[in-house]
Amino acid sequence: MFTQVFNRQGVTQSYYTDRTSAPVYSKYTMWVLLLLIVTVTSIVSGPSCSVNNNPRHIYVPGDIVVGGLFPVYLQVKTNGSTIPPQKTCIDYDVQMFLRSQVMIYAIQEINRSQMLPNVSVGYEIYDTCGDVTNAIRATLSMMEDIQGQGVEPNVTTPHVKVVIGERYSEKSIAVARLLALPLVAQISYSSTSELLSRKCKFPSFLRTVSSDEHQTIAIAELVKHLAWESVGVIGSDDEFGKYGAERLIDHFNDRKLCVDFKEILSANFLLNETRTQTELAMLMSKIRNSSAEAIVIFTAELNVRIILKEVLRMGISRIWIACDTWATNKELSEMADIQKVGRVFGFIPKRNKVPGFHEYVRDSMFQSKAHNSFIHEFMCHYPPCPDSLVDESVLNCTLPDTKSQSESGGRTCLDRRCLLKYIDEDESYYIYLAVKVIAQGLRSLLNCDNVRCKRNASFAVWELLEELKRVNFIVDNTTHIAFNEDGDPTTGYDIVEWNMSVSENRIITVGVYRPDEPIRIREHLIREFENVTVTFANCCKTCNPGYEFITKINSCCKECSLCSRGYISTGGGKKCVACHPQSEYTSSDMDRCLMKTIEYLGWTDAFTTVLVSFDVLGIVVSLLVAILFAVDRRTPIVKSTGGYLSFLELLSLLACFCCIIMFLGEPTKTTCMAGLPLFGMAFTVCVSCILANLLQIFVGFTFDLRVTVGDTLKRLNRPIAVVTCCSAVQVAVCVVWLTYAPPFIVESSRFDEATILLECNKGSKMLFGAMLTYIALLAVVCFLFAFKGKQLPDLYKNASFVSISMMIFLVVWIVFIPVYINMSGKYQRAIEAAAILVSNYSVLCCHFAPKCYIMLFRKELNNENAITNYIRKHYEKKGMAVVGK
């Protein structure tokens with residue numbers, strides 16, 4: 001028997017007291033009655049099915065009553081012209097109507113089974129119209145004590161023992177705060193907000209859908225695995241969209257993904273008013289100007305519908321990521337020209353069909369309309385078509401717009417077979433799971449077997465809550481259901497994509513995410529997006545070797561920039577890194593660091609071979625000359641060359657030849673420091689000996705000098721003193737040089753970045769210049785004395801040959817300076833060695849070679865008589881008398 005009464009709050013209540021008997025009519029009789037009802041309803045109620053804001057609901061009593069909250073109307077419209085403002089439920093949703101029927105169907109299945117043998121389960125279901133006020137009002141109604149005829153909410157013994165719903169997180173939070181007072185269990189089939197996992201605030205809240213905590217992680221993992229480097233986030237100013245968007249951004253930042261923009265829609269965005277249009281225009285501008293590779297829309301489906309319609313109107317095509325609220329919404333996925341929005345990926349908890357529900361909708365649901373006011377509401381909007389009026393081959397299942405029907409004053413009939421197309425496999429299945437969980441909890445709490453329940457239905461609501469928290473079983477051999485300590489199920493998410501190429505089966509599964517497991521995505525998708533090198537916004541996703549990413553200001557868009565000199569990048573946009581400047585250089589493609597080769601004037605170099613050959617020759621010749629001079633040390637020619645000074649001169653010359661070795665081969669600290677100073681001191685001794693010898697000749701044969709000059713020169717005619725003083729000055733310069741700024745080894749790449757040139761830095765260039773200048777000064781003095789001494793009776797032409805050797809020395813070192821400066825690389829040291837060699841050979845050839853020639857081939861000149869005769873003839877030519885001994 002079916003009756004309707006009105007409670008104190010003006011809520012229509014439908015009571016069905018006999019759940020076993022139901023009228024059975026023939027098919028023909030049924031359709032006649034249905035048409036009659038539709039006709040009468042149309043005449044009585046008029047064309048509009050919209051009603052006031054009083055919550056529509058169904059109540060079927062039982063030993064245990066299960067509450068249900070469903071937004072069959074998706075939103076309310078407020079008429080501000082009346083006082084108080086009048087609210088009207090609008091936007092009737094067929095899918096939500098079917099989901100409410102899933103709860104009824106599942107409870108009927110429990111009652112027909114042996115799950116609870118001698119216990120009947122009733123239900124009290126409310127349409128909240130997607131409004132939080134309606135949800136609270138319905139919850140307070142369910143908390144009344146019906147058995148005690150109470151009219152006020154009873155937080156001690158409410159007649160509803162458990163509530164399924166609400167759909168939206170914002171409404172579920174409000175409901176959960178009320179149900180937390182008596183600890184009435186609440187099981188949501190769609191609310192995913194992380195806030196609801198906080199048991200300190202919502203101790204009685206459970207859900208059969210995964211938390212947004214896992215969903216936001218799953219979205220971030222999808223973005224990372226499909227190589228999307230920039231994203232946009234659209235949320236809404238409610239508990240679901242706001243906190244979900246914040247958590248998404250946190251996860252993106254943790255994975256070094258760039259958030260190109262974030263937009264939080266206002267709370268009244270779905271009202272589609274003037275403010276909505278302004279906000280929508282700003283959002284479209286952001287999307288159009290964004291370089292985000294994917295855009296996450298984390299909000300309710302009503303907001304998404306408005307956004308996608310505008311996206312279609314503006315012709316924007318992007319990659320969209322849907323949260324579970326709209327990932328499988330058929331009204332959205334089957335919008336006209338939906339393929340023009342781009343590609344849509346989404347996340348939904350485990351999907352499955354509700355066993356037997358298709359058959360129930362097709363064969364039985366409308367037969368139970370007598371105790372189901374929701375069916376009356378549906379038939380008001382969509383009256384059924386008789387079978388004779390519909391040919392299955394031309395069946396049109398497009399739902400007409402209820403608003404346009406109301407305005408036109410007529411309604412289009414809908415074949416009930418079309419309803420099968422609007423049965424989803426996600427929220428409907430979660431509602432089915434919620435009923436199964438309740439049945440399992442009651443079976444455990446009432447200690448039931450397949451014959452009877454040993455405990456009666458009188459129990460405290462918190463007892464059922466505790467049993468529900470402990471459930472752990474497999475539903476229909478397909479789905480394992482259990483709750484963790486936060487009241488969340490242990491299931492994860494399926495990753496879906498909207499298949500735009502076909503009209504049927506638009507939503508396909510392309511991956512899966514399970515908590516504490518790596519995300520799994522079809523390989524072809526990963527390869528497809530990994531191969532993308534330039535995005536639609538001309539942003540680079542990878543770079544060639546030698547280039548690195550640079551990000552535009554206030555944007556996630558990346559460009560490729562060539563690495564600076566000395567830096568390399570292996571490609572893929574990796575940051576340029578510096579090669580070690582002392583030991584490495586970059587390849588031509590700037591993709592790797594290569595080890596520099598160490599370069600110096602090696603022993604195998606041809607130039608080195610030539611220098612060593614002449615050096616060895618000089619050493620050998622110097623030794624031979626020294627031997628020859630030692631043999632003929634008592635002869636006049638040796639005495640005229642300086643006597644014992646000639647041996648000191650040869651020794652210093654030998655030292656100069658030996659120091660050539662320090663300029664060849666790999667430079668070391670010792671060779672760098674000793675090379676030039678040793679040459680400077682040794683050659684100074686050599687030139688000092690020559691100067692002392694010239695001074696002897698000049699003083700001995702010059703008679704017309706002024707008294708003062710002559711006396712001075714005679715006092716200076718001390719060979720040992722001259723050599724010691726002249727050499728001491730150079731030694732002092734070299735000691736200062738080696739003490740304060742000595743030459744040192746340096747690794748240089750200034751000429752070729754691929755090589756490290758080992759060279760000797762002079763240390764103090766000023767002291768190096770002082771050393772050379774001092775030698776040059778001595779050489780000039782020698783040259784002047786020699787030039788002056790050319791008029792003297794010198795049988796062996798010492799002055800002439802000395803002037804030539806000094807001239808050669810000066811010319812060599814004058815030429816050396818510009819050549820050395822312009823010479824680069826390892827041959828700078830060779831130029832130094834060559835200059836020293838030429839200087840040595842100038843002395844050896846011009847000062848010693850003529851004497852050796854006389855000693856070896858003109859021995860007749862190497863005696864005192866030859867010298868005496870030569871001097872006599874020299875002065876006789878000048879008319880001067882020479883007195884013999």
Side-chain angles (χ1 to χ4, degrees), residues 16 19-38 58 60 68 70 72 92-113 123 125 189 328-331 333-334 351-400 402 411-433 435-436 476 478 503-507:
Y16 181 66
R19 65 184 179 89
T20 60
S21 62
V24 180
Y25 304 99
S26 66
K27 183 177 181 181
Y28 176 78
T29 305
M30 277 294 299
W31 280 111
V32 171
L33 289 174
L34 285 175
L35 288 174
L36 181 60
I37 291 171
V38 170
I58 310 166
V60 173
F70 296 89
V72 179
Y92 185 82
D93 188 88
V94 172
Q95 275 196 318
M96 285 311 304
F97 160 70
L98 290 170
R99 288 165 184 161
S100 68
Q101 302 308 303
V102 170
M103 176 177 168
I104 296 173
Y105 163 74
I107 291 176
Q108 290 176 357
E109 289 291 303
I110 297 300
N111 286 331
R112 282 195 291 265
S113 70
Y123 49 86
I125 302 175
Y189 50 87
T328 57
N329 188 285
K330 287 194 174 183
E331 290 187 23
S333 65
E334 295 180 0
R351 304 178 72 200
N352 212 335
K353 291 182 178 181
V354 177
F357 186 62
H358 281 68
E359 293 76 11
Y360 171 77
V361 172
R362 185 184 63 221
D363 303 329
S364 307
M365 186 174 71
F366 287 97
Q367 295 178 8
S368 60
K369 67 181 184 300
H371 59 277
N372 193 329
S373 61
F374 281 19
I375 293 181
H376 287 281
E377 193 80 22
F378 170 77
M379 293 174 63
C380 177
H381 288 291
Y382 305 105
C385 299
D387 293 343
S388 60
L389 299 180
V390 179
D391 184 358
E392 189 171 356
S393 62
V394 293
L395 191 63
N396 182 12
C397 290
T398 303
L399 290 177
T402 57
R411 298 181 186 84
T412 304
C413 67
L414 178 70
D415 190 278
R416 59 185 174 179
R417 287 171 292 180
C418 292
L419 287 179
L420 303 180
K421 297 179 179 294
Y422 293 92
I423 299 174
D424 65 282
E425 297 180 6
D426 33 60
E427 287 188 39
S428 293
Y429 189 65
Y430 315 143
I431 296 167
Y432 176 74
L433 288 179
V435 175
K436 288 292 186 178
D476 299 328
T478 58
S503 59
E504 298 292 338
N505 194 24
R506 287 181 177 268
I507 300 172

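Applying the side-chain hydrogen bond (donor to acceptor under 3.5 Å, both in side chains) test to Asp424 and every residue at least two apart in sequence or in another chain returns Arg99, Ser428. Applying the ring pair (Phe, Tyr, Trp, His ring centres under 6.0 Å) test to Tyr123 and every residue at least two apart in sequence or in another chain returns nothing. Here Ser100 pairs with nothing under the side-chain hydrogen bond (donor to acceptor under 3.5 Å, both in side chains) rule; sequence neighbours left out.
Distance CD/Glu427 to CG/Asn329: 9.0 Å, rounded to 0.5 Å. One distance of note links CD1 of Ile423 with OH of Tyr429; it measures 15.5 Å at 0.5 Å rounding.
Closest approach of Met365 to Ile375, counting heavy atoms only: O-CD1, 3.2 Å. Nearest heavy-atom pair across Ile507 and Thr328 is CD1-CA, 3.3 Å. Of all heavy-atom pairs between Leu420 and His358, the closest is CD2-O, 3.5 Å. Looking at every heavy atom in both residues, Cys380 comes nearest to Pro383 through O-CD, 4.3 Å. Nearest heavy-atom pair, Ile58 versus Phe374, reported as atom, atom and distance to 0.1 Å: CD1-CG, 3.6 Å. Here the closest non-hydrogen pair linking Tyr382 and Tyr92 is CE1-CD2, 3.9 Å.
Side-chain contact between Asn372 and Gln101 is present, with at least one heavy-atom pair separated by less than 4.5 Å. In this structure the side chain of Asp476 reaches within 4.5 angstrom of the side chain of Tyr432, judged on heavy atoms. Residues Ile431 and Phe70 are in side-chain contact: their nearest non-hydrogen atoms beyond the backbone lie under 4.5 Å apart. When side chains are defined from C-beta on, Glu377 does not count as touching Phe97, because their heavy atoms never get closer than 4.5 Å. With contacts defined as side-chain heavy-atom distances shorter than 4.5 Å, the pair Leu419/Phe378 qualifies.
The aromatic rings of Tyr105 and Tyr360 are tilted relative to each other, their planes meeting at an angle between 30° and 60°.
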